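Throughout, a chain's letter reflects where its sequence line sits, starting with A, and its residues are numbered from 1. Since the model is a prediction, treat every value here as computed from it, not as a measurement.
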Amino acid sequence: MSKNKRTAIEPTRQENYSEWYQQVIKAADLAENSEVRGCMVIKPWGYAIWENIQRVLDRMFRETGHRNAYFPIFIPKSYFEKEAEHVEGFAKECAIVTHSRLEPDDSGGLKVAGELTEPYIVRPTSETIIGASFAKWVNSYRDLPLLINQWANIVRWEMRTRLFLRTAEFLWQEWHTVHETQEEAMEETMQMLQVYATFAQDYLAIPVIQGEKTEGEKFPGAVNTYSIEAMMQDKKALQSGTSHFLGQNFAKASQIRYQNRDGEFDYAWTTSWGVSTRLIGALIMAHSDDNGFVIPPMIAPAHIAIIPIYRDDEEKEAVLKVAKEIQNSFKKTMLEDVPVYTELDDRDLTSSERNWYWIKKGIPLRIEIGPRDVASQSVMLARRDKEPRDKVSVPLTELKEQALAMLKDMQAGIYARALAFRNENTIKIDDNKEFYKYFTPKNAEQPEIHGGFALSHWCGWMECEERIKDDLKVTVRCIPFDQPEEDGACISCGKPSQRRVIFAKSY
RNA sequence: CGGGAUGUAGCGCAGCCCGGUCAGCGCGCUCGGUUCGGGACCGAGAGGUCGGAGGUUCAAAUCCUCUCAUCCCGACCA
């Protein structure tokens, strides 16, 4: 095998980004397509990341007062029909249950029977079914606020699917709240967007931009939708979490009313928000390289691969003994609030084979221990965000301390790298021609990675947004909160604008 | 759901145009041995009703029809 510049993943990001993405998932053994069209099988290494996401978010939600509950996967069609915009938004991607029974047919197979009086929609989101419960639970202003979260699976019958980014079934968390006042509901919406942003940055090591969605991009039925937007390594935007202020739309649809402090009946104000297994796709595309997955330590399923190296049984015994001692020494070790897990890999493969296996899986640190190290009471330590051959010798006495320091440094480092990448690829554009040039690939036949985020003025008209979308497939990702008001001219029509928005291609 | 491409062993592919020793290659896997600090080597071996269903033919991986799935582009979306 040639030893020069071979990458573990082929093609590279530069050569074919979407193929590279598929190959990383395969090489890291995160998930695979199932026999069911559009649905994925999430494998242990990938599912462990989701479990970590759940564990961390659940704690963050608990700290903000939420409680978990569970609602049916089936939503009666009549519930769904109550909110017009909502219906319009989801009608084209619903799976519908119409029968309740199977009966033998003439050819030895089965036929459906027992038609339901009312079809059930397999939930694409749960506002309406949860609303029906909330209507019963809320009677008085004293019942508010009501803060409920659900971890669930969701079905949206997508035409075009990609592992983690868009599948027919996916896992998510949906949080639904009911409030007495508009202000309180709005505050809730904002607070939880901030929670998502904090989570993305501190755990996933992905910098995100918080902002408001445009009329055309908001959640069907919402008054306002807010999102966190992240830049992937192909410079496209990935909406990584959303938070919706639903006004009284769903309260009216589901009759969520309460007696206010004056004894009058008022419709409540509701919010909803969620993140999904799509976050795993974000992790892959934000951090991974041409050798495979790179996982931020704070969300990694395991943190350290221990790779013993030996030639014969005698060496094996000596090396494994120390390797196991190292593994034991990490038991109950915490990386901030995350337990540190190790994997001792003593499979009968060459050391480099085992090394590359863990590199592709994205484990943050690798410890190599061979006879020489045993003799010198040290190990070789390598981190995933450096070159594969980049290793340092560390005395056993300092191993734990240095490994933890390295994990922290790596967490900060990959965040900094992602942030630098986003900053390098975010520019202010005020000229229409320049804007079009920025978003037009040089080679239309084989579009290269190009563009990025453009901070440009937009007048707020949907026509301008549509025109840009039709021309360039570029949309307003969000109206960021952190942009100052300033006078400018709409990048499309030239009319006055007071604020820059983020334009980008997106997933 | 429209346009394009692809489905041959676990993975990656050749063969298809011109039907007939075309069931093949590389990696992986199993066994034995030598190896082991940067994707090892030698030897032996296992593994596929060529995505599925029909059809044409003496004969189909190869031609025709239908169907399913995946990937890319578009529309739609977390």
Roughly how many Å is it from [atom1] in [X] to [atom2] in [N], rounded to a whole number?
X: A:D348; N: B:U34; atom1: CG; atom2: P; result: 13 Å
X: A:E315; N: B:G37; atom1: CD; atom2: P; result: 11 Å
X: A:K26; N: B:U70; atom1: NZ; atom2: P; result: 14 Å

Inset, instruction - Give a yes or no on whether a donor-acceptor pair under 3.5 Å exists between the nucleobase atoms of B:G38, that is its base, and the side chain of A:K391. - result: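 For A:K391, whose side chain was compared with the base of B:G38, there is a donor-acceptor pair (under 3.5 Å).
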Legend entry - Base B:G38 to side chain A:E353, donor-acceptor N/O within 3.5 Å cut-off: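 Checked by distance alone, the answer is no.
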Inset, instruction - Describe the nucleic acid contact of A:F170 in one word from base, sugar-phosphate, nothing, applying a heavy-atom distance below 4.0 Å. - result: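 Base, at least one base heavy atom under 4.0 Å.
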Inset, instruction - Assert yes or no for the condition that the ring centre distance of A:F80 to A:Y120 is strictly below 6.0 Å. - result: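 No, ring centres 6.0 Å or more apart.
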Legend entry - Distance flag, aromatic centroids of A:W50 and A:W172, threshold under 6.0 Å: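 Distance test on ring centres: not under 6.0 Å, no.
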Legend entry - Those residues of residues 230-243 of chain A lying under 4.0 Å from RNA chain B by at least one heavy atom: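 Under 4.0 Å from RNA chain B: A:Q239.
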Legend entry - Partners passing side-chain hydrogen bond (donor to acceptor under 3.5 Å, both in side chains) against A:R467 (at least two apart in sequence or in another chain):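 If we apply the side-chain hydrogen bond (donor to acceptor under 3.5 Å, both in side chains) test to A:R467, skipping adjacent residues, the hits are A:S492.
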Legend entry - Ring-face cation of A:K82 near A:Y79 (centre distance under 6.0 Å, axis angle within 45°):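 A:K82 over A:Y79 ring: yes.
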Inset, instruction - Quick one: do A:E127 and A:H86 satisfy side chain to side chain contact (heavy atoms under 4.5 Å, CB included)? Show the steps, please. - result: CA-CA 9 Å; A:E127 275 73 10; A:H86 195 60; 4.0 Å; yes
